[in-house]
Amino acid sequence: MYNLDNDIEKILFSQDVLKKRCKELGEELSEIYKDSCPIVTGVLKGASVFFADLVRELKCDLVFDFITVSSYGLKTTSSGVINMRKDFDNDITGKDILIVEDIVDSGFTLKYLKNLLYERKANSVRTVALLNKYECHPRELDTDFYGFKIENEFVVGYGLDYAGRYRNLPYVGILKRSVYEKKDEK
Ligand code: PRP
């Protein structure tokens with residue numbers, strides 16, 4: 001069997017650490033939404049694991065939604081052109097929306113979603129990302145809530161992928177450079 005752990009340089013956030021942080025975020029967000037029923041929206045696929053853990057720490061009334069967006073071009077040179085591939089199932093008008101992301105990198109995805117939701121007359125839009133690559137976007141594109149700040153490193157696990165793989169690792173870790181450099185040469 002292929003051993004995914006062997007491709008990891010360093011574990012950044014263990015299962016226990018992730019669980020504890022989800023609980024803290026859940027408490028903070030439950031308080032904010034105690035008198036409303038937000039549409040908690042996971043951005044597929046990366047946010048799927050964080051979404052599943054976070055919603056179980058939210059004690060307030062809520063409904064689920066899932067969307068899929070994609071950005072054109074390479075991540076490192078993101079053009080900021082975002083395309084909605086699977087739209088919201090819910091009507092947004094007058095609703096409170098909590099967008100759940102695995103990571104905020106350039107910030108373009110969250111910017112696009114916030115603009116779109118306000119155009120659709122949402123009552124409020126907040127964002128929560130597990131990981132915040134704080135050096136990779138300007139302050140005004142930052143997420144409202146986040147689990148952890150990280151440096152500009154290649155992280156996988158807990159929903160985050162490299163070429164579609166590693167999402168099932170129960171922790172967040174830095175991928176060994178040799179894994180993607182080897183692949184990129186092919
Ligand atoms: C990742 C991540 C965010 C986005 C963040 O998605 O899940 O949606 O990139 O990047 P940004 O801040 O630069 O916009 P990706 O396109 O890799 O798809 P995935 O969620 O299916 O992994």
Side-chain angles (χ1 to χ4, degrees), residues 4 7-9 12-13 18 21-22 25 29 38-55 64-90 92 97-120 122 125-177 179-181 183-184:
L4 295 169
D7 291 347
I8 302 304
E9 181 74 47
L12 285 183
F13 307 110
L18 291 165
R21 190 67 187 117
C22 279
L25 284 169
L29 291 164
I39 302 173
V40 181
T41 305
V43 184
L44 296 173
K45 306 185 182 76
S48 55
V49 181
F50 176 47
F51 180 96
D53 283 349
L54 182 68
V55 290
F64 283 13
D65 211 332
F66 294 98
I67 56 171
T68 308
V69 292
S70 64
S71 56
Y72 288 103
L74 295 170
K75 260 285 157 284
T76 45
T77 55
S78 181
S79 60
V81 180
I82 312 287
N83 183 36
M84 177 77 84
R85 290 174 50 212
K86 187 230 163 270
D87 209 328
F88 289 81
D89 292 328
N90 289 270
I92 301 305
I97 316 292
L98 177 64
I99 299 285
V100 181
E101 268 284 26
D102 52 341
I103 191 164
V104 52
D105 189 342
S106 68
F108 290 139
T109 303
L110 289 184
K111 182 186 175 194
Y112 164 82
L113 289 173
K114 277 198 163 180
N115 288 343
L116 178 83
L117 289 167
Y118 281 123
E119 269 170 27
R120 291 185 184 181
V125 183
R126 294 185 179 90
T127 61
V128 56
L130 177 71
L131 304 174
N132 185 355
K133 276 195 180 178
Y134 65 103
E135 288 171 324
C136 298
H137 52 266
R139 210 58 192 270
E140 63 268 23
L141 298 190
D142 214 354
T143 176
D144 299 309
F145 301 89
Y146 61 87
F148 304 96
K149 280 186 176 176
I150 60 166
E151 308 283 312
N152 188 17
E153 281 172 312
F154 204 139
V155 287
V156 294
Y158 200 69
L160 292 119
D161 73 310
Y162 167 60
R165 298 167 58 220
Y166 303 96
R167 294 192 200 271
N168 55 322
L169 285 174
Y171 54 80
V172 174
I174 299 173
L175 191 64
K176 280 182 183 164
R177 193 171 272 274
V179 175
Y180 52 91
E181 285 184 347
K183 277 263 167 57
D184 291 347

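Please read all numbers here as calculations on a predicted model, not as lab measurements. Order of listing sets the numbers, starting from 1, for every ligand and every atom in it.
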Considering the heavy atoms of Ile103, write down every atom of ligand 1 situated less than 4.0 Å from one of them. 2 (C), 3 (C), 5 (C)

Salt bridge Asp102-Arg167, side-chain N to carboxylate O under 4.0 Å: no

Numbering the atoms of ligand 1 from 1, which are under 4.0 Å from a heavy atom of Glu101? 2 (C), 3 (C), 7 (O), 8 (O)

Assess whether atom NZ of Lys111 is packed by more than 12 heavy atoms of other residues, nucleotides or ligands within 6.0 Å. no

Heavy-atom gap Leu44 to ligand 1 smaller than 4.0 Å: yes

Any idea how Phe66 and Phe51 line up, ring-wise: parallel (<30°), tilted (30 to 60°), or perpendicular (>60°)? tilted

Select one of side chain, backbone, both or neither to describe which atoms of Lys111 lie under 4.0 Å from any atom of ligand 1, heavy atoms only. neither

Any heavy atom of Asp105 under 4.0 Å from ligand 1? The part involved is both

Which heavy-atom pair separates Pro138 from Ser106 by the least distance, and what is that distance? CD-O, 4.5 Å

Short list, please: which atoms of ligand 1 are under 4.0 Å from a heavy atom of Lys45? 19 (P), 20 (O), 21 (O)

Mark up the atoms of ligand 1 that fall under 4.0 Å of a heavy atom belonging to Asp161, in ascending order. 22 (O)

Under 4.0 Å, counting heavy atoms only: does Ser70 come that close to any atom of ligand 1? no

So, is Gly46 polar-close to ligand 1, with some N/O to N/O distance under 3.5 Å? yes

Nearest atoms (heavy-atom pairs only) where Lys133 meets Glu153: NZ-O, 3.1 Å

Check whether any heavy atom of His137 sits under 4.0 Å from an atom of ligand 1. no

Would you say the side-chain atoms of His137 and Asp105 include a donor-acceptor pair closer than 3.5 Å? no

If we check side chain to side chain contact (heavy atoms under 4.5 Å, CB included) with Phe50, which of these qualifies: Val55, Leu18, Val128? Val128

Counting distance only, does the side-chain N/O of Asp65 pair as donor-acceptor with the main-chain N or O of Asn90 below 3.5 Å? yes

Gly107 to ligand 1: N or O pair under 3.5 Å? yes

